[in-house]
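Here is the structure we will look at.
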Protein chains: 2
Amino acid sequence: MLYAGFMSTVPPPFPTPQEPVDHPELLQLGTGLEADEPCLRADAARNRARLLEAAARLVAERGAEGVTMEAVAAAACVGKGTVFRRFGDRTGLLTALLDHSEKKFQAAFLGGPPPLGPGAPPVERLRAFGIAMLRRSTDDLELQLAAEPGANRRYISPARRVLRHHIEVLLRQAVPEADCELLSHTLMGQLDPALVHHLTKQCGLPLSRLEDAWLDLVDRVAGAGRSR
Amino acid sequence: MLYAGFMSTVPPPFPTPQEPVDHPELLQLGTGLEADEPCLRADAARNRARLLEAAARLVAERGAEGVTMEAVAAAACVGKGTVFRRFGDRTGLLTALLDHSEKKFQAAFLGGPPPLGPGAPPVERLRAFGIAMLRRSTDDLELQLAAEPGANRRYISPARRVLRHHIEVLLRQAVPEADCELLSHTLMGQLDPALVHHLTKQCGLPLSRLEDAWLDLVDRVAGAGRSR
DNA sequence: GTCACAATCCGGACCGAGGTCCGTTTATTG
DNA sequence: CAATAAACGGACCTCGGTCCGGATTGTGAC
């Protein structure tokens, strides 16, 4: 028997069938990313805010590694259990910290101005999307790494689903004959924060090279004279 | 101050400079994967064997999740500290369990018969390589998932390096004008055990579709009429 | 307003597992 | 048979995660 009271904030347990959304561009903005405040008791909401603030402060002063669930609880003057009830687990807390930036990004590519948003041809949107993700990764890279779930759940995080699905939709327009679902996973791989971290921080490659590689990859996969 | 006595088996702590190997095809067969037995004291070697056997037994009867460091130690009639000294951490132990299969696979694509081994044209070797990896992933998928290191170290595991480097070498022959280092990461992404697990076990896709997608990807990236 | 009741939340004791330390034991070498 | 380097073992620490008795809050009735 699991808790039942705090699933609003927390990614649904999965495996949920959750067949692919069929109305491509119209999925609700924050798929599971928010739905926070609706029905939270006053004290719960207050504690939630306190916790996020405390966590952000800890990240700022001690880095993501210093964000211990106990430390956050203590810094927020709250019991440890409260942190887990609200955010499910450490990954959930860290994800919530990234939520704001995440939603801004989603808004940008789902409804913002072209070439990132609708209006530009799909391949161009793909190019812009990758560049934007790479740039976004360089900020709060540490947090994104720390927020990454274990191997079992890496591919079922709601945020990742949204990103990947967006790529898939664009791919369908650009290369309808391909297996766009799988292809989208491949493209996502190139934007994986862990890979970006490895290449830039551990191997010392300049970000521009990753950007070039993305553009090249899009070309190869969905580029001009494609027929298969 | 770290331990210094058991680094033979264990991936070097990193950050070690470790500049990229320059002699492409000639790297020693097991890059960091073995170098085990050479200078182990008799009792140490015996305990190592005991531990691996115990771990394998535990995997067999309780699944990878049941492989607790304490349980392994107990099953091998050995102290907990010994397990860590020998294998560094849980990932190291699990990796060691996969070592045999890993080396066999390396031998197959580095020196075995074509099209996997040398002798076939690079694109064909690439195709065969992916298919082989996908098939290999379906066996001991659970173990491979469990052995995956945390986000920080995912891209610096020696075994992964070897695989990726092999792809890179083949790519250089097939598409010399491309950024083969980065492209190889992309291709590796498609073969990531976690992805394979997600797609086959959680989404229910048949393995054959992954294989088709791999062939298609190789085509797109390094396929026939390429000029850029 | 206030009272009572149910739903929700809180807190911190508790557990298991990974990882570390260091005093002790054992293999090797000459 | 020393002497030395290496290995051993298990107590110990930290941290993520769980549990449940008790405290708070929202609500409807009066």
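Convention: sequence-line order gives letters A, B, ...; per-chain numbering from 1.
At C/dC9, none of the side-chain N or O atoms of A/Thr82 fall inside 4.0 Å of OP1 or OP2 (strictly under the cut-off). Of the side-chain N and O atoms in A/Asn47, one or more sit less than 4.0 angstrom from OP1 or OP2 of C/dC10.
Residues forming a side-chain hydrogen bond (donor to acceptor under 3.5 Å, both in side chains) with B/Arg135 (at least two apart in sequence, or on another chain): B/Glu211. Under the rule for a salt bridge (Lys or Arg N to Asp or Glu O under 4.0 Å), the partners of B/Arg164 that lie at least two apart in sequence or sit in another chain are B/Glu168. Applying the salt bridge (Lys or Arg N to Asp or Glu O under 4.0 Å) test to A/Glu53 and every residue at least two apart in sequence or in another chain returns nothing. Scored by the salt bridge (Lys or Arg N to Asp or Glu O under 4.0 Å) test, A/Arg50 finds no partners at all (sequence neighbours excluded). Residues passing the salt bridge (Lys or Arg N to Asp or Glu O under 4.0 Å) test with B/Arg209 are A/Asp179, A/Glu181, sequence neighbours excluded. In this structure A/Glu65 satisfies the side-chain hydrogen bond (donor to acceptor under 3.5 Å, both in side chains) test with no other residue, sequence neighbours excluded.
Aromatic ring pairs are classed by plane angle as parallel below 30°, tilted from 30° to 60° and perpendicular above 60°; the pair B/Phe129 and B/Phe109 is perpendicular.
A/Arg125 contributes a side-chain N or O that, together with a main-chain N or O of A/Gly117, makes up a donor-acceptor pair within less than 3.5 Å. Formation of a donor-acceptor pair under 3.5 Å by the B/Trp214 side chain with backbone atoms of B/Leu126 is found in this model. Although no hydrogens or angles enter the test, the distance criterion places no donor-acceptor pair under 3.5 Å between the side chain of A/Thr68 and the main chain of A/Ala71.
Note on residues 66-78 of chain A: pairs passing salt bridge (Lys or Arg N to Asp or Glu O under 4.0 Å), not counting sequence neighbours, are A/Glu70-A/Lys80. The list of side-chain hydrogen bond (donor to acceptor under 3.5 Å, both in side chains) pairs with a residue in residues 139-148 of chain B, not counting sequence neighbours, reads A/Arg154-B/Glu148.
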Polar atoms only, N or O, under 3.5 Å: list the protein pairs with nucleotides 16-19 of chain C and their distances.
residue	atom	partner	partner atom	Å
C/dG18	OP2	B/Met69	N	3.0
C/dG18	N7	B/Lys80	NZ	3.2
C/dG18	O6	B/Lys80	NZ	3.4
C/dG19	OP2	B/Arg90	N	3.0
C/dG19	N7	B/Lys80	NZ	3.4
C/dG19	O6	B/Lys80	NZ	2.3

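Contacts with DNA chain C (heavy atom under 4.0 Å) in residues 51-66 of chain A: none are found.
With rounding to whole Å, B/Arg85 atom CZ is found 16 Å from C/dT24 atom P. Atom CZ of B/Arg48 is separated from atom P of D/dA7 by 12 Å (rounded to the nearest Å). As a whole-Å value, the separation of A/Leu93 CG from D/dG17 P is 11 Å.
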Where along nucleotides 23-29 of chain D does protein come under 4.0 Å, by heavy atom, of base (B) or sugar-phosphate alone (S), with - for untouched nucleotides? -BSS---
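Nearest-nucleotide mapping onto DNA chain D: of A/Gly81 and B/Val78, the residue sitting toward the 5' end is B/Val78.
Other residues, nucleotides and ligands place more than 12 heavy atoms under 6.0 Å from the CZ atom of A/Arg46.
One end of the helix from C/dG1-D/dC30 to C/dG30-D/dC1 points its axis 10° away from the other end's axis, with each axis taken from 5 pairs and the angle rounded to 10°.
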